[in-house]
Amino acid sequence: MIKGLFSQENEESRRVLLFALCWALLLEVFYVCLSSFFNTPHKIAICHHDCLHYLRIANHAYALLPGEKVGAGMGTKAPYAFFPLFPLVAGSLSHLLHVSFLTVSLILNSTALACAAFTASFFVPLNNEQEKRIFIAFFLCFPFLLYGYMPYTEALYALCLMLFLVCLQRDYLLWAGMAGIFLGVARPTGCLIIALSFGLKFCLLIYEKRMTKRRLIEMAGSACLSAIGFLTWLLYQKLTSGYWLEFLYAQEGWGRHYTGILQNLWIYYDNQYKPGMKVLTVISVVIPIAVFCYALAQRAFFAALTILAVFWMAFFTGHMSVVRFMYANPVLIAVLGLLVTRRHKWMQFFLIGLMLTAQIILMLVWFRYVTNTPGFLV
């Protein structure tokens with residue numbers, strides 16, 4: 001994939017990548033203009049909630065504010081709950097280019113999202129350029145991928161995840177290990193997926209009778225390489241907070257507690273007072289399970305494993321942000337995108353239009369919500 005992209009004869013891949021970049025950047029510009037109608041003198045609608053914490057980390061690293069404590073049971077919103085890849089990259093580019101963090105992060109995320117969609121087109125079996133364009137358009141318009149167009153970690157996480165899975169799936173073990181370095185510091189879910197994916201790859205190589213001594217050494221080297229990022233993150237936490245696993249302890253400040261999946265499922269459903277939200281809760285469970293079963297039936301084992309890992313992580317760690325964790329999952333979107341490419345052309349355009357409309361509506365709801373929410377000042 002990587003070698004072929006830059007070869008002279010692979011003009012198709014370059015056209016598809018350019019298509020993805022243009023589509024993502026146009027959507028980003030549209031949402032920035034849309035958000036300007038909701039800005040106030042003290043708020044920037046497109047930068048709120050997690051964006052403010054990433055901005056803080058980019059400027060002040062993981063220094064604690066007065067009143068913030070570290071360690072188990074403290075219950076304060078320490079910044080260690082946020083993994084460092086996004087604020088490190090966006091903050092470094094901001095200081096290097098002398099451009100605001102917000103501007104850099106929006107350009108970075110739209111570019112990363114386009115590259116993630118392009119990489120995902122190698123993860124599923126697509127036959128021609130037209131199918132890849134339809135797939136990418138659907139991917140970038142998926143409603144809950146709206147977080148990728150905001151200064152959140154979702155876009156870089158999606159890119160690292162898709163690079164890791166595609167390289168591992170295609171036996172590019174060195175590239176998989178390098179992608180794993182960044183995936184391990186993008187989000188906690190990435191660490192779980194890395195471990196499970198290498199285990200699955202090992203089992204598949206044995207089952208297909210392709211395991212050799214050399215490949216086993218390459219697998220071990222790739223796994224060790226991919227662990228570098230996460231181990232460095234653990235060491236940094238130990239040196240600055242005194243705890244190896246402070247990122248786990250800090251989650252408690254955001255209301256995330258490590259209990260049973262069924263218990264958290266019920267809490268999440270029971271807390272949705274509006275009937276429409278209860279329906280959304282049920283959909284949050286049904287669709288991932290259905291897509292998991294479909295991927296398993298198609299022997300798309302890496303896709304099935306990733307969907308299962310995200311589902312487990314989302315509900316095991318509590319009921320906060322479940323919809324974002326579940327539906328901003330690029331692998332789930334990729335499987336749904338593959339199904340769309342198998343439909344008639346008029347149905348493809350209808351579904352893409354429907355997804356884009358839903359994404360715009362969700363953006364409007366999100367901007368309106370933050371405008372009416374006190375306490376998020378920039």
Side-chain angles (χ1 to χ4, degrees), residues 1-7 9-10 12-13 16-17 115-128 131-132 135 139 157-184 186 189-231 288 291-313 329-339 341-342:
M1 179 194 70
I2 298 171
K3 182 180 178 181
L5 176 61
F6 297 102
S7 62
E9 62 272 11
N10 204 341
E12 177 186 308
S13 292
V16 172
L17 178 58
C115 293
F118 173 75
T119 308
S121 69
F122 291 90
F123 184 67
V124 295
L126 300 174
N127 299 318
N128 51 57
E131 285 191 358
K132 290 181 179 180
F135 172 86
F139 189 101
Y157 164 74
L159 175 58
C160 294
L161 176 60
M162 295 316 307
L163 282 172
F164 172 76
L165 290 176
V166 169
C167 292
L168 192 62
Q169 188 181 54
R170 300 191 173 205
D171 291 339
Y172 301 147
L173 297 179
L174 175 61
W175 288 103
M178 294 179 66
I181 294 175
F182 300 101
L183 180 58
T189 312
C191 305
L192 177 63
I193 292 172
I194 289 172
L196 294 177
S197 297
F198 273 115
L200 174 61
K201 184 67 175 180
F202 180 81
C203 294
L204 288 175
L205 287 174
I206 292 178
Y207 176 77
E208 297 167 356
K209 298 181 179 179
R210 294 194 296 123
M211 178 62 78
T212 62
K213 184 177 180 180
R214 177 179 177 179
R215 196 177 295 272
L216 180 61
I217 294 174
E218 290 176 347
M219 279 276 294
S222 179
C224 292
L225 183 63
S226 66
I228 290 176
F230 182 62
L231 292 177
V291 175
F292 164 78
C293 293
Y294 172 79
L296 206 58
Q298 298 297 313
R299 301 178 64 83
F301 298 120
F302 284 103
L305 181 68
T306 303
I307 292 169
L308 184 64
V310 172
F311 182 89
W312 180 83
M313 182 69 81
N329 177 7
V331 174
L332 184 142
I333 300 171
V335 176
L336 293 176
L338 174 64
L339 294 175
T341 63
R342 300 294 184 257

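We number each residue from 1, following the sequence as shown. Side-chain atoms are counted along with the backbone in the values below, which use heavy atoms only and exclude waters and symmetry mates.
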### Task
Identify the two heavy atoms, one from Cys191 and one from Gly184, that lie closest to each other, and give their separation to 0.1 Å.
SG-O, 3.3 Å
### Query
What's the spacing between Ile181 CD1 and Ile228 CD1 if we round to 0.5 Å?
4.5 Å
Please tabulate, one pair per line, all N/O donor-acceptor pairs under 3.5 Å involving side-chain atoms of residues 292-309, not counting sequence neighbours.
| from | atom 1 | to | atom 2 | distance (Å) |
| --- | --- | --- | --- | --- |
| Thr306 | OG1 | Phe302 | O | 2.8 |

### Residue pair Met178 / Leu163, side-chain heavy-atom distance below 4.5 Å
no
### Query
Hey, does Pro330 have a side-chain heavy atom less than 4.5 Å from the side chain of Phe123?
no
#### Entry: From CG (Asn128) to CG (Leu126), nearest 0.5 Å
8.5 Å
### Task
Decide yes or no for Thr341 and Lys132: does some side-chain heavy atom of the first lie under 4.5 Å from some side-chain heavy atom of the second?
no
### Query
Between Ser197 and Leu165, does a side-chain contact (heavy atoms from CB on, under 4.5 Å) hold up when you go through it step by step?
CA-CA 8 Å; Ser197 297; Leu165 290 176; 3.8 Å; yes
### Task
Provide the closest heavy-atom pair for Phe135 versus Ala334 in the form atom of the first, atom of the second, distance.
CE1-O, 3.2 Å
### Closest non-hydrogen atom pair, Ala176 against Phe164
O-CD1, 3.2 Å
### Message
Within the 4.5 Å heavy-atom criterion, are Gln169 and Lys201 side-chain neighbours or not?
### Response
no
### Task
Nearest 0.5 Å please: distance from the OG1 atom of Thr189 over to the CG atom of Leu161.
9.5 Å
### Message
Is it the case that over 12 heavy atoms from other parts of the model lie below 6.0 angstrom from the CZ atom of Phe230?
### Response
yes
### Task
Could you walk me through whether Val166 and Tyr172 pass side-chain contact (heavy atoms from CB on, under 4.5 Å), step by step?
CA-CA 8 Å; Val166 169; Tyr172 301 147; 5.8 Å; no
### Separation between CZ of Phe198 and CG of Leu173, rounded to the nearest 0.5 Å
7.0 Å
### Query
For the atom pair CG (Leu192) and CE (Met313), what is the distance rounded to the nearest 0.5 Å?
4.5 Å
#### Entry: Other residues, nucleotides, ligands: >12 heavy atoms within 6.0 Å of Met219 CE
yes
### Task
Would you name the heavy atoms of Gly180 and Ile194 that are closest together and state the gap between them?
O-CD1, 3.4 Å
### Task
For the pair Phe122 and Phe118, name the ring-plane relationship: parallel under 30°, tilted 30 to 60°, perpendicular over 60°.
perpendicular
### Query
For Tyr157 and Ile193, which heavy atoms make the closest approach, and how far apart are they?
OH-CD1, 3.7 Å
### Task
With side-chain contact (heavy atoms from CB on, under 4.5 Å) as the test, would you mind laying out the steps for Leu174 and Leu225 before giving the verdict?
CA-CA 8 Å; Leu174 175 61; Leu225 183 63; 4.0 Å; yes
### Criterion side-chain contact (heavy atoms from CB on, under 4.5 Å) on Phe202 and Leu216, from CA distance to verdict
CA-CA 8 Å; Phe202 180 81; Leu216 180 61; 3.7 Å; yes
### Query
Any idea which heavy atoms bring Ala117 and Phe139 closest together, and the distance?
CB-CD2, 3.5 Å
### Task
Please name all residues satisfying side chain to side chain donor-acceptor pair (under 3.5 Å) with Glu218, sequence neighbours left out, ordered by chain then number.
Arg214
